[in-house]
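The figures here come from the full heavy-atom set of this structure, side chains too, leaving out hydrogens, waters and symmetry mates. Values in this document were obtained by computation on a predicted structure and should not be read as measured data.
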Amino acid sequence: VQLVESGGGEVQAGGSLRLSCTVSGVSLDVVAIGWVRQAPGKVREPVSCTSRSEGSTWYANSVKGRFTISSDNAKNVLYLQMNSLEPTDTATYSCVAQANPDYCSNYGFDFYDMAYWGRGTLVTVSS
């Protein structure tokens, strides 16, 4: 299983970016998958997850209403649309997945138990 992120970059506060995670080796139809981020000098934190077969979607409070997770299952690509970006959103964003759809619920996900991780893509939001 491979997860490859793209779409990071630098943007001004208030701007938007869309991250992509191209998945190979497993179908998005049968996994729990999501995004985590790590800001410089800070601990890693979960951002959002989705499980198509469970019908689950979850967002961290810090991004709720600004970020949207979605997928193109035909292309096996996961997206994270990020709007109204803030300097505090600056971080490396990684795509994570587990071949068990139960790992994402409407209440969150235990990202430390996710078996598959991408290398990440850097998002920098300037004020």
Side-chain angles (χ1 to χ4, degrees):
V1 176
Q2 283 194 321
L3 310 176
V4 180
E5 303 94 337
S6 61
E10 185 167 355
V11 64
Q12 289 192 326
S16 299
L17 282 174
R18 188 178 78 160
L19 306 183
S20 300
C21 173
T22 301
V23 181
S24 59
V26 68
S27 170
L28 289 183
D29 289 334
V30 297
V31 299
I33 190 165
W35 296 91
V36 299
R37 68 184 182 184
Q38 187 168 22
K42 295 192 176 181
V43 299
R44 196 172 282 146
E45 62 175 353
V47 175
S48 179
C49 73
T50 186
S51 171
R52 185 171 186 268
S53 63
E54 294 295 309
S56 303
T57 302
W58 173 86
Y59 296 96
N61 286 335
S62 58
V63 307
K64 201 173 293 184
R66 300 187 298 122
F67 291 11
T68 303
I69 193 169
S70 65
S71 65
D72 184 331
N73 287 54
K75 296 181 178 179
N76 230 36
V77 178
L78 180 76
Y79 301 104
L80 185 69
Q81 178 67 43
M82 306 186 296
N83 299 328
S84 302
L85 283 161
E86 304 168 354
T88 51
D89 295 316
T90 295
T92 295
Y93 286 71
S94 298
C95 181
V96 296
Q98 176 63 273
N100 182 336
D102 292 344
Y103 274 64
C104 174
S105 76
N106 291 328
Y107 305 100
F109 72 116
D110 192 352
F111 66 94
Y112 285 107
D113 285 341
M114 299 303 242
Y116 308 110
W117 290 66
R119 291 190 170 186
T121 185
L122 178 63
V123 172
T124 303
V125 184
S126 57
S127 57

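Contacts of Asp29 classified as salt bridge (Lys or Arg N to Asp or Glu O under 4.0 Å), with partners at least two apart in sequence or in another chain: Arg52. In terms of the salt bridge (Lys or Arg N to Asp or Glu O under 4.0 Å) criterion, residue partners of Arg66 (sequence neighbours excluded) are, by chain and number, Glu86, Asp89.
Criterion: ILVMFWY side-chain heavy atoms under 4.5 Å apart, direct or through other members. Under it, Tyr93 and Ile69 are part of a common hydrophobic cluster. If you chain together hydrophobic residues whose side chains sit under 4.5 Å apart, Val31 and Val36 never meet in one group. If you chain together hydrophobic residues whose side chains sit under 4.5 Å apart, Trp35 and Leu85 fall into the same group. Taken together through direct or relayed side-chain contacts under 4.5 Å among Ile, Leu, Val, Met, Phe, Trp and Tyr, Tyr107 and Tyr103 form parts of separate hydrophobic clusters.
A distance of 9.5 Å separates OG1 of Thr22 from CG of Leu3, quoted to the nearest 0.5 Å. We find the NZ-CZ distance between Lys42 and Arg44 to be 15.5 Å, quoted to the nearest 0.5 Å. Taking OH of Tyr116 as the start and CD of Gln2 as the end, the distance is 12.0 Å to the nearest 0.5 Å. With values rounded to the nearest 0.5 angstrom, Asn100 atom CG is found 8.5 Å from Ser53 atom OG. Here OG of Ser105 is found 9.5 Å from CD of Glu54. Values are rounded to the nearest 0.5 Å. One distance of note links CH2 of Trp58 with CZ of Phe109; it measures 6.0 Å at 0.5 Å rounding.
Looking at Glu5, its side chain never comes within 3.5 Å of a backbone N or O of Leu19 through a donor-acceptor pair.
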Atom pairs and distances, donor-acceptor, side-chain atoms in residues 117-127, under 3.5 Å, two or more places apart:
residue	atom	partner	partner atom	Å
Trp117	NE1	Met114	O	2.9
Thr121	OG1	Gly8	N	3.1

Pairs of donor and acceptor atoms involving the side chains of residues 76-84, under 3.5 Å and at least two apart or interchain, shall be tabulated with distances.
residue	atom	partner	partner atom	Å
Asn76	OD1	Leu28	N	3.0
Asn76	ND2	Val23	O	3.1
Asn76	ND2	Val26	O	2.8
Gln81	NE2	Asn83	OD1	2.9
Asn83	OD1	Ser16	OG	2.9

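A heavy-atom distance below 4.5 Å is found between the side chains of Ser62 and Arg37.
What you find for Asn73 and Ser71 is that their closest heavy atoms are OD1-OG, 2.7 Å.
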Using the rule given for side-chain contact (heavy atoms from CB on, under 4.5 Å), can you reason through Thr50 versus Tyr59, listing the C-alpha separation, both sets of side-chain angles and the distance that settles it, and then say yes or no? CA-CA 9 Å; Thr50 186; Tyr59 296 96; over 6 Å; no
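For residues 5-69, the set of pairs meeting the disulfide (SG to SG under 2.5 Å) definition, not counting sequence neighbours, comprises Cys21-Cys95, Cys49-Cys104.
Hydrophobic cluster membership of Val4, counting Ile, Leu, Val, Met, Phe, Trp and Tyr whose side-chain heavy atoms lie under 4.5 Å apart directly or via other members: none, as it forms a cluster of its own.
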